[in-house]
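These notes are about the structure you will find just below.
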Amino acid sequence: MIKKSIGLLVLSAMLSIGCLTAQENTAYHQFATTPPLGWNSWDIYGTTVTEQQIKEQADAMAEHLLPSGYTYLTVDIQWYEPESKAHYYRPGAPLTMDEYGRLTPGLKKFPSAANGVGFKALADYVHAKGLKFGIHIMRGIPKEAVEKNLPVYGTNVRAKDIAITSSTCAWNPDMYGVDATKPEGQAYYNSIVQMYADWGVDFIKCDDISRPYNDIQKAEVEALRKAIDKTGRPIILSLSPGATPVSMGAHVMNNANMWRITDDFWDRWGLLFAMFERLDAWTPYRGPGHFPDADMLPIGEVEFNRPTRFTKDEQYTLMSLWAIGRSPLIFGGDMTKLDPFTKEMLTNPEMLKVNQESHNNRQVYRKNNLIAWTADIPGSKDKYVALFNAQSNGDNLDFSNANYASPVIAGEGASQDIEVSVKGGKKLVLFVKDGGNGFDYDHAVWLNPTLHGPKGTLKLTSQKWMSATAGWGEARVNRTCDNRPLMIDGAAAEGIGTHSESVIIYQLPEGYDTFTATGYVTQDKGSVVFGVLVDKGNMEISDNALVDIDFKAIGIKGKATVRDLWAHKDLGVFKGHFGRELPQHGAGLYRISPLK
């Protein structure tokens, strides 16, 4: 689920000085002096990836992406669950593990793991391609190991002695937390990480550890750091999920090489739009060996062979922002089916130089969702610049002028009846705001949204909206935001499922003067405000907007040449400033070189 980002930016300026003094000069920062480039199995295969599929992806990666520097190939979650399905988890599912409760690859998926060799054979295959091998793990110890009270390797204690049974993952049922403040808890982490090192693992993505980043998780982060260092193997440590609290920046940058700043990122504009604030907020903690991770790149073919939902303009925005924000570039699509456009997005050498070789990366301004970033180029007076038109129709709505706003509606089953006059209106805007309780899971439903008037009644579920956004998942008719059937009290219901922050805009037809609905919360931790705005004018914004950069703002005086890095084209000489008309959700990436 998406972690709320509101309020993060106010911290960044205050934290920057403290962060810079808190950075430690450590050997493990040398494991990833530039943002890691690679691939992860989650977006395309979920929990189901097999050995054969990994080999096919490794073959394709070696051919198509390795020449551009993509090296890390990672097997994501539940490689130890032989019967896993799609992107879901089965509570109580039998997991494969050794006699010490250490998870091992399920032989149904990974037959080469037989006879106790684990991932060694598969890692050897990946290494032979010139690639590096990574695995996903969940923090803690398997619940099954605790129930069986298996011994902890290298100690005289058993699983129950180190497990914290009150520390569990909200979305995955497999593990208990470990008390890493105990020597035996550290010994458990030492034993699993040494086993991974013996398999040939080069990259560990540890999940359920960086949110909310409580004291238990903090100790487990430190335990992983110590365990990796003890092996002597240069294993990159990546932490998930997000959003990692910015307040923990100094700690996470001094223990991990990369950490998620968002929950799972999928191909929806609302999630991409939120990343501008997130990457800006994490600017003080970005540097060699430690990179805020904006998550995988869901482009090409993803999620069991569907094409990305991102438009081409949105893909330019995605890759330009990840590049100038120096996020790790971890592709999530099918490498065996790379189309030319997706391959160009990933392998453009000029874009990759921005991601791999720039420094002092920062946002220059953000005004009306027109945004500019810049970065310095080592050994040069040139600057990289990224320009973004992050505007969308409806951006100029003033929700303080809403015709209706509910009180905070919180908790599963909480609801609010809504009735609003729409007389004289041109457009109807339904919005859902965060209720501010500090939790995610703000799943909401507009039940039975209906227009009434002289023409009778009109169900909005039968009408096509002009635009719709959701803070997680997507707005859906008669389904929840996570694409489940819309059920209320066990019965099928009509309505629009969404998630805060959400804005849904309809054109209002003539002959209707009243809107009614029931706002409904479907999650126990959900907390939202439902609102309705009736627009009587024209709230459209231009399809294109001029986005420019003042040369003085990036330390350049006078004239400069400009090169378009996506088009591989020199654009000429410009004096004092440079700008481009960009479409909504579009971006440009440039190199600006001052003239002597």
Side-chain angles (χ1 to χ4, degrees), residues 27-28 31-32 36 38-42 47 49 51 54 58 71-81 95-107 109-110 112-128 131-142 144-145 150-155 159 162 172 174-175 177-178 180 184-210 220-240 255-259 330:
Y28 50 82
F31 299 169
W39 176 88
N40 179 289
S41 64
W42 172 253
T47 65
V49 71
E51 180 172 338
I54 289 295
T71 55
Y72 291 94
L73 181 147
T74 300
V75 178
D76 209 87
I77 196 168
Q78 286 205 321
W79 37 266
Y80 45 80
E81 211 280 66
L95 309 179
T96 58
M97 63 186 71
D98 68 9
E99 66 271 31
Y100 298 104
R102 300 179 297 183
L103 294 169
T104 58
L107 299 184
K109 295 178 184 176
F110 300 96
S112 70
N115 301 316
V117 303
F119 273 128
K120 181 67 168 66
L122 183 56
D124 287 348
Y125 183 93
V126 170
H127 291 151
L131 305 171
K132 295 190 176 183
F133 182 69
I135 60 172
H136 172 289
I137 65 172
M138 296 293 295
R139 75 172 176 98
I141 188 167
E144 186 177 341
L150 297 177
V152 176
Y153 183 87
T155 75
I162 65 168
N172 176 276
D174 297 339
M175 313 291 276
V178 162
E184 296 86 358
Q186 180 67 58
Y188 169 77
Y189 272 108
N190 290 348
S191 73
I192 63 171
V193 173
Q194 185 60 58
M195 181 174 68
Y196 305 151
D198 293 342
W199 289 347
V201 169
D202 307 294
F203 183 106
I204 293 174
K205 173 186 173 183
C206 185
D207 218 331
D208 187 42
I209 200 165
S210 59
E220 289 181 284
V221 170
E222 294 171 2
L224 277 168
R225 175 75 275 143
K226 294 172 186 175
I228 290 172
D229 294 345
K230 191 173 187 293
T231 70
R233 187 175 180 84
I235 299 173
I236 287 181
L237 178 58
S238 168
L239 304 183
S240 284
N255 284 280
N257 300 110
M258 50 191 277
W259 58 91
I330 308 297

Given side chains that start at C-beta, do those of Y72 and V126 come closer than 4.5 Å, heavy atoms only?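 Side-chain contact under 4.5 Å: no.
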Does the side chain of F133 reach to within under 4.5 Å of the side chain of H127, using non-hydrogen atoms?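 Of all side-chain heavy-atom pairs linking H127 with F133, at least one is under 4.5 Å.
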Taking all atoms of both residues into account, what is the closest heavy-atom pair of [X] and [Y], and its distance?
X: V49; Y: V75; value: CG1-CG1, 3.9 Å
X: I204; Y: Y196; value: CD1-CD1, 3.8 Å
X: M258; Y: P36; value: SD-CG, 3.8 Å
X: L224; Y: C206; value: CD1-SG, 3.6 Å
X: Y188; Y: G101; value: OH-O, 4.3 Å
X: I235; Y: F31; value: O-CD1, 3.5 Å

To the nearest 0.5 Å, how far apart are [atom1] in [X] and [atom2] in [Y]?
X: M175; Y: I141; atom1: CE; atom2: CD1; result: 7.5 Å
X: Y28; Y: D229; atom1: OH; atom2: CG; result: 6.5 Å
X: E222; Y: N255; atom1: CD; atom2: CG; result: 5.5 Å

Under 3.5 Å, side chain of T71 to main-chain N/O of K132, donor-acceptor pair present?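 Such a contact is absent between T71 side chain and K132 backbone.
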Would you say the side-chain atoms of Y189 pair up with the backbone N or O of G140, donor to acceptor, closer than 3.5 Å?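 Yes, because the side chain of Y189 sits within donor-acceptor range (under 3.5 Å) of the backbone of G140.
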Any donor-acceptor N or O pair under 3.5 Å, side chains [X], [Y]:
X: Q194; Y: N190; answer: no
X: E51; Y: S112; answer: yes
X: N40; Y: H136; answer: no

Pick out which of E184, Q186, E220 makes a side chain to side chain contact (heavy atoms under 4.5 Å, CB included) with V178.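 With V178 as partner, side chain to side chain contact (heavy atoms under 4.5 Å, CB included) holds for just one option, E220.
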Please determine whether salt bridge (charged side-chain N to carboxylate O under 4.0 Å, His left out) holds for the pair K205 and D76, giving the CA-CA distance in whole Å, both sets of side-chain angles, and the decisive distance to 0.1 Å. CA-CA 8 Å; K205 173 186 173 183; D76 209 87; 2.9 Å; yes
Under a 4.0 Å threshold between the charged nitrogen and the carboxylate oxygen, would D207 count as salt-bridged to R139?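 Salt bridge: no.
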Sort out for me which residue in Y80, W199, F203 forms a ring-ring contact (aromatic ring centres under 6.0 Å, His included) with F119.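 It is W199, the one option of Y80, W199, F203 that forms the ring-ring contact (aromatic ring centres under 6.0 Å, His included) with F119.
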